[in-house]
Amino acid sequence: MPTALPSPLRSYWTLDVQGVRHPELESSLHAETVVVGAGIVGLTIALRLCEAGREVIVVEAMEVGRQVTGGSTAKITAQHGLIYDELIRTAGHDQARLYADANRAGMEQIARWIDELDIACEFDVRPAYLYSESDALVGELRAEAEAARTLGFAAEFLERAPLPFATVGAVRLDGQAQFNPVKYLDALAAAVAAKGGRIFERSRVRLVEAASRWRVVTDKGNVHAEHVVVATNLPIKSPVGMARRTQPRMHTAMAFPIEPGRIDGMFLGVDEPAHSLRTGRGSDGPVLIALGRKFNTGHEADVAAGFAELEAWINRSLTSAAPIAAWCNEDYDTEDRIPFIGEPDPERSAGFHIATGFNAWGISNGTAGGVMIADTILGRANPWRTLYDPTRPASKEFNKGGESRSLVDGVEAIAKGQGGVIDRDGEEIAVWRDDQGQTTELSAKCTHKGCIVTWNNAAHTWDCPCHGSIFSAKGEVLHGPARKNLQPATKE
């Protein structure tokens, strides 16, 4: 473990943000549209619909903005790694242009709302840089800069990045931005409520079904609507399966105090392991937000080692300060690096919309996709439907699943405060031993598709290595696609 890893793990953006809490759904309601998930996609859709005078209800399993969006680096940028040269080569110039235009429009929508609603969310315009420490990747940086220029970006290749350690090349993109995503989404939620929208928190959706209208069911209430949008990172329900067409992955993330002026801008390394860097405004001065290497969810036996690796790199390269926050964040990749957003089966399941597969770039893509879904519901034209089309050809085997990395010989092999998976008479059992040594035993089968979960020894969660569901140490669903908690172990 890192020498001073904060406990429990918690996103930096949530540390000092209170926000206005919303009630639970406890009755049967009706609306034109029900949005499942109060992240950047869901609240973008809700506000756009409310601005058009439409009736909308948002149902959130936990709290507004505190999940995936609230765990991001929150870069408002159309610079998404080495993407434009690849898109031009694999999808064609027209598709690459659509991707660039959609993300520019997403950025503009965020800036417009921040201005119109006077949102205090630490919005700062900053240049974004791709950089490398390896001579072998300089050619790819040059190609990316040229590809971006053909798509209308004022991209510039530099011989080195403005960082306090050695680099051999960089691509600079001006006019990008950053913000506090939790403060931004709290403000969007307030705007939705002010315009007549209704938001319900702590209301996990257990069932989405088609009747005379769409019916969304929680533990205490339900909503009937003509349109349902499932904006839950990976859909908890979809008429066309997305679980095998996307790959869940995680990053380790940490926040550190940093001296003013140490870095200026947003940075993403293209080497492996890649590091993402930006600064934020802390109450006591600037804060560095850093991401470490990515890894497939549930495929890492020692996540804590990843935090130690990231902290050691930061201490060598940027600051010797101890971390003030640390967390894991999850996203879903697609094979072609473009999200799946829209109606996955418009003929047989009209009015059902999804948004997933943001490849870690959900701030701009999620906003653009949310605008697009709202336009669809409003009957408006939108140029990005073919770009994000969830029915486009894609490999159904992109996600090949995985096996638990937490198998141990017996309960005695599990340290206090940790978990492991044991085999008891042919049943895999997830065992968590608390700090006092008391154990909780659960079925290790994920309630989504039955894969055997892996213990995350840093976040203290059970993570599914197949489709990315995450459960607390006690088995409670934290993130879908699972909708049910891990079940009690049946064998003792």
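We're numbering straight along the sequence, starting at 1.
The aromatic rings of Trp361 and His80 sit parallel, their planes meeting at an angle under 30°, below the 60° perpendicular limit.
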Is there a salt bridge (charged side-chain N to carboxylate O under 4.0 Å, His left out) between Glu226 and Arg213 once you walk through the steps?
-> CA-CA 5 Å; Glu226 278 77 33; Arg213 309 171 80 195; 2.8 Å; yes
List the steps, then state whether salt bridge (charged side-chain N to carboxylate O under 4.0 Å, His left out) holds for Arg293 with Glu272.
-> CA-CA 7 Å; Arg293 63 179 176 84; Glu272 292 294 342; over 6 Å; no
Worked check of salt bridge (charged side-chain N to carboxylate O under 4.0 Å, His left out) between Asp219 and Arg206 | CA-CA 7 Å; Asp219 290 334; Arg206 305 295 186 182; 3.0 Å; yes
Between Glu86 and Arg89, is a salt bridge (charged side-chain N to carboxylate O under 4.0 Å, His left out) present by the stated rule, with each step listed?
-> CA-CA 5 Å; Glu86 179 181 341; Arg89 288 185 286 104; 5.3 Å; no
List the steps, then state whether side-chain contact (heavy atoms from CB on, under 4.5 Å) holds for Ile263 with Leu318.
-> CA-CA 9 Å; Ile263 68 170; Leu318 289 160; 3.6 Å; yes
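Within the model, atoms CE of Met372 and CG of Asn365 stand 10.5 Å from one another, a figure rounded to the nearest 0.5 Å. Atom-to-atom distance recorded for Glu60:CD and Phe200:CZ is 13.0 Å, nearest 0.5 angstrom.
Ionic pairing of Arg126 and Asp174 is not present here: no N-O contact between side-chain nitrogen and carboxylate oxygen is shorter than 4.0 angstrom. Look at Glu397 and Arg244 and you find a salt bridge, because one of the NZ, NE, NH1 or NH2 atoms lies within 4.0 Å of a carboxylate O, short of that distance. A salt bridge links Arg54 and Glu32; the closest N-O separation between the charged side-chain nitrogens and carboxylate oxygens is under 4.0 Å. For Arg249 and Asp331, the salt-bridge test fails: no basic side-chain N is under 4.0 Å from an acidic carboxylate O. A salt bridge links Glu55 to Arg198: one of the charged nitrogens lies within less than 4.0 Å of a carboxylate oxygen. With respect to the salt-bridge test (charged N to carboxylate O, under 4.0 angstrom), the residues Asp94 and Arg97 do not qualify. Residues Glu335 and Arg245 are not paired through a salt bridge, judged by the lack of any N-O separation under 4.0 Å between the basic side chain and the carboxylate.
Scanning for ring-ring contact (aromatic ring centres under 6.0 Å, His included) contacts around Tyr184 gives Phe179, with sequence neighbours left out. Under the rule for a side chain to side chain donor-acceptor pair (under 3.5 Å), the partners of Asp186 that lie at least two apart in sequence or sit in another chain are Arg66. Take Glu156 and apply the salt bridge (Lys or Arg N to Asp or Glu O under 4.0 Å) test, not counting sequence neighbours, and it matches no residue.
In this structure a side-chain-to-backbone donor-acceptor pair under 3.5 Å is missing from Arg348 to Pro239. For Asp389 (side chain) and Arg385 (main-chain N/O), no donor-acceptor pair under 3.5 Å exists by modelled atom type.
The closest side-chain donor-acceptor pair between Asp271 and Ser132 falls under 3.5 angstrom. Asn233 and Thr356 form no side-chain donor-acceptor contact under 3.5 Å, judged by distance and modelled atom types alone. Side chains of Thr297 and Asp463: no donor on one and acceptor on the other come within 3.5 Å.
Disulfide status for Cys446 with Cys466: absent, SG atoms not under 2.5 Å apart.
Just one of Leu378, Ile377, Ile57, Val228 meets the side chain to side chain contact (heavy atoms under 4.5 Å, CB included) condition when paired with Thr33; it is Ile377.
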